[in-house]
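Accompanying notes for the structure given below.
Below, each value reflects all heavy atoms present in this structure, side chains not excepted, and no hydrogens, waters or symmetry copies. The structure presented is a predicted model; accordingly, all values stated were derived computationally and were not measured.
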Amino acid sequence: MSALKNDTEQRKPRHAVPENQSDEAQAGHGLEPDLTRQEIEKGSHPGDTYVRVKRPYARLLRRIAPDYLLATDRVYQPEGSLARLRAGILRLLLGTPLPTSAEVHERLTKVKALAVFASDALSSNAYATEEILLVLVVAGTAPLWLSFPITLAIALVLGAVAFSYRQTVQVYTRGGGSYTVAKENLGTLPGLVAAAALLIDYVLTVAVSIAAGTAALTSAIPDLYPYRVLLSLAFILFIALANLRGIRESGTIFALPTYLFVFSLAGMILVGLARLATGDTSPPEATKAAVEAAQPVTLWLILRAFASGSVAMTGTEAIANGVPAFQPPEGKNAATTLAWMAAILATFFVGITFLANQYGIVPHETETVVSQLARSILGGGLPYLLVQGSTMLILILAANTSFADFPRVSSVMARDRFMPNQFTFRGERLAFSNGILVLAALAGLLILAFGGSTHALIPLYAVGVFLAFTLSQSGMVARWWRLRGSGWRRSLIINAFGATLTGVVLIIVASTKFASGAWIVVLLIPLLVLMFLGIHRHYRNVADQLRLSAGAATLDQQPVKQKVLVPVADLNQASLRALAFARSISEDVTALHVTDDPREAEALRRKWDQWANGVSLVILESPYRSFTPPLLTYIDALHQQDPGTFVTVVLPQFVPAHWWENLLHNRTVVGLKASLLLRPNTLVVNVADKLRLTPGVATLDQQPVKQKVLVPVADLNQASLRALAFAKSISPDVTAIHVTDDPHEAEALRRTWDQWA
């Protein structure tokens with residue numbers, strides 16, 4: 001927090017007492033920008049005086065340099081019973097707030113990173129094989145054996161993609177994944193296409209994984225099937241809250257379920273292979289009946305099955321997007337974790353498909369393939385429940401990958417001005433809170449729209465995934481070709497092979513799934529790109545309008561003309577104080593009384609001369625008994641009369657002793673402030689008072705008014721410069737305050753300050 005002083009007068013030394021001031025004048029010089037206060041005290045001998053420097057806010061705002069303050073932990077402690085209750089609930093749900101300096105300690109180890117970033121990819125083992133079988137089974141049970149070679153082909157593509165992404169994570173350690181790679185090497189438009197594909201993928205990941213996890217639960221407990229949508233929404237809420245607690249804590253929460261799934265599924269596969277070696281491959285009763293063929297086996301059918309099974313590769317890019325979350329060395333640790341993830345994913349995918357073939361598993365509407373396979377291999381006891389329970393957990397927790405990456409990619413795009421600035425905001429636990437909340441809302445809407453059905457959501461899924469893969473690998477090819485550093489040919493070949501494979505898969509997926517719903521994603525991607533470009537154009541236009549350039553007027557050259565308008569309902573202590581304040585900031589003050597009763601207005605005018613002499617009173621009659629529209633029209637008329645004039649609306653406000661008494665007062669004031677909030681060249685000032693006008697109270701001319709003007713500034717531009725010029729027009733005692741969590745940013749602002757302000 002830095003305070004930037006705008007006083008043109010030189011500040012007096014704090015160790016000296018001006019000789020020409022009386023004791024009364026010396027008794028308090030006010031608070032300086034660093035909030036010290038000088039008080040003159042008399043000594044024990046006649047004529048002895050000395051200066052005592054007091055820092056009443058030292059425990060709240062610590063001075064670390066001239067005009068530079070640091071907000072201490074005490075600032076964030078809530079005051080009042082309701083505020084403490086709210087803070088207690090938030091602490092219970094989200095944990096204790098973390099300072100910015102704790103960010104380095106929030107980084108992930110490789111073990112936790114695997115749980116956070118690989119849960120999406122690993123969870124696809126629960127439904128990828130089933131998606132292949134669901135396509136093939138329309139040709140009967142005979143061609144189900146084709147699922148195994150299709151799985152091997154997908155595993156080959158997975159290996160190529162994972163190996164290619166190892167190059168990416170070691171080069172682009174600041175995150176952003178496909179968006180950053182494509183934007184820097186292929187151009188802005190390909191980068192935005194990759195970003196749109198990524199963000200769609202992350203939303204779908206949450207919806208698909210949550211729906212699949214709920215399906216695993218309802219497979220084990222069929223009575224819960226009618227409540228699958230409510231269960232899915234509850235799971236989304238739980239994961240969102242966990243991520244709002246911070247990425248390191250979410251990794252701690254989700255590590256146990258992730259590794260439980262890994263070990264339970266590995267155990268099931270090993271037991272299945274052992275039983276296979278002994279010749280015991282009897283399938284469950286529900287799958288023993290053969291399925292009649294509804295259509296022949298064709299190349300198109302095989303391609304459709306390949307496209308459906310390609311969902312096994314979703315989430316592979318997650319580690320590339322979240323490299324900054326790793327402990328140093330970020331690139332090396334991310335590459336190692338990526339290799340672990342790819343090896344586990346490929347092994348499980350191939351193993352499940354192989355065993356499903358050997359055990360004669362046929363997809364069933366009410367029971368998943370993994371559930372049938374676990375029941376066949378392990379029976380219906382505790383081991384089966386362990387597999388189903390861990391599968392349900394990993395499917396639900398797969399959404400955690402998106403909650404880690406969607407906010408991070410959104411923040412990178414917001415930093416580049418392609419997403420709203422709000423996505424760069426980090427909450428109390430250093431998580432990108434707005435991104436987490438938006439993702440939860442979008443995924444919840446998808447669950448509601450598709451009734452929590454995994455199979456209805458899957459066709460929308462893979463197009464964006466493979467589009468991002470292809471653009472990322474193509475961007476790396478362009479990078480190696482441009483730089484041509486040591487070993488560039490090998491790296492180029494690796495990424496070119498990955499780009500070719502994923503490009504072919506993209507064409508297959510888009511063509512085979514287009515009619516099933518992929519057309520929605522194909523249509524949505526260009527719409528999102530147009531939205532990104534529109535946001536960027538808006539920010540660019542605003543920056544051009546606000547930019548301080550050579551020849552622009554400095555603060556001292558900013559012309560300010562001002563009219564002050566004081567709406568009054570009656571003449572009492574509150575309105576009298578508001579009028580006194582208005583006269584302290586401008587000589588052009590008008591009081592306005594909006595009424596539907598001319599006799600009441602006349603009574604007010606008779607009282608006016610006694611208490612408020614010197615301020616003109618305008619009566620505005622409102623035949624339809626409405627207050628705000630006539631007042632706004634009057635303000636518009638003032639602006640039309642002199643377009644460059646600031647109109648300051650000073651609102652008298654009564655401050656009740658208890659919070660609940662606000663319900664009985666100030667309703668018109670609240671509505672009026674909302675109506676005036678975004679009007680140009682219009683300022684709203686509240687002047688609050690707790691007293692009533694009584695005999696013997698000072699008249700308007702006797703009302704003392706002292707004021708300081710505080711101007712919060714995020715940056716120094718045309719808008720803040722106009723605000724500072726306006727502030728100087730109403731008071732010589734102006735301080736600008738810049739609240740920041742980045743000392744380098746504050747120092748850059750201070751360098752600009754001397755030139756313009």
Side-chain angles (χ1 to χ4, degrees), residues 30-31 79-80 82-83 560 562-594 604 611-612 615 617-618 620 626-632 634-636 638-639 645-693 697-698 700 703-713 719-720 722-731 733-737 739:
L31 292 172
E79 296 182 0
L82 286 178
V560 174
Q562 178 183 190
K563 292 178 180 291
V564 181
L565 185 65
V566 185
V568 291
D570 192 8
L571 193 56
N572 51 35
Q573 184 64 29
S575 56
L576 208 60
R577 289 287 288 166
L579 289 165
F581 173 83
R583 289 211 312 183
S584 74
I585 64 175
S586 175
E587 296 179 356
D588 190 353
V589 179
T590 300
L592 182 68
H593 178 66
V594 181
L604 175 63
W611 295 97
V615 175
L617 174 66
V618 174
L620 179 57
S626 179
F627 173 79
T628 302
L631 176 60
L632 296 179
Y634 187 83
I635 294 172
D636 290 337
L638 292 177
H639 276 136
T645 298
F646 280 93
V647 175
T648 302
V649 182
V650 178
L651 298 176
Q653 189 167 356
F654 173 73
V655 180
H658 304 94
W659 67 267
W660 57 268
E661 293 176 330
N662 278 298
L663 301 174
L664 308 176
H665 301 277
N666 303 323
R667 310 316 300 166
T668 302
V669 170
V670 172
L672 181 58
K673 285 193 291 186
S675 301
L676 296 172
L677 184 61
L678 298 178
R679 294 172 68 94
N681 286 2
T682 304
L683 177 71
V684 182
V685 178
N686 272 25
V687 178
D689 207 300
K690 293 184 177 181
L691 304 176
R692 295 181 179 180
L693 184 63
V697 173
L700 178 58
Q703 294 280 345
V705 174
K706 296 180 184 178
Q707 79 169 298
K708 293 177 178 288
V709 181
L710 187 66
V711 184
V713 291
S720 56
R722 286 287 285 166
L724 290 164
F726 174 82
K728 286 186 67 176
S729 74
I730 64 177
S731 174
D733 191 355
V734 179
T735 299
I737 185 166
V739 181

Intermediate values then yes/no, side-chain contact (heavy atoms from CB on, under 4.5 Å), N681 and V647: CA-CA 6 Å; N681 286 2; V647 175; over 6 Å; no
Candidate list L620, L617, V618, test side-chain contact (heavy atoms from CB on, under 4.5 Å), partner H593, passing option: L617
Derivation and outcome, side-chain contact (heavy atoms from CB on, under 4.5 Å), residues V711 and V734: CA-CA 7 Å; V711 184; V734 179; 4.1 Å; yes
Residues in side-chain hydrogen bond (donor to acceptor under 3.5 Å, both in side chains) contact with T590, at least two apart in sequence or another chain: none
Distance-minimising heavy-atom pair for A578 and V650: O-CG1, 3.7 Å
Distance in Å, L683 CG paired with Q562 CD, rounded so as to fall on 0.5 Å steps: 7.5 Å
Test side-chain contact (heavy atoms from CB on, under 4.5 Å) applied to D636 - qualifying residues, sequence neighbours left out: R679
OG1-CG distance between T648 and L676, expressed to the nearest 0.5 angstrom: 11.0 Å
V685 vs V564, side-chain contact (heavy atoms from CB on, under 4.5 Å): CA-CA, chis, key distance, verdict: CA-CA 10 Å; V685 178; V564 181; over 6 Å; no
Closest approach of V615 to A591 (non-hydrogen atoms, all atoms of both residues): CG1-N, 4.0 Å
Exam field: side chain T682 to backbone P680, donor-acceptor pair closer than 3.5 Å: yes
Point-to-point distance, once rounded to the nearest 0.5 Å, from CG of N686 to CZ of F581: 10.0 Å
side-chain contact (heavy atoms from CB on, under 4.5 Å) evaluation trace for L604 with D570: CA-CA 7 Å; L604 175 63; D570 192 8; 4.1 Å; yes
Interatomic distance, I737 atom CD1 to L710 atom CG [nearest 0.5 angstrom]: 5.5 Å
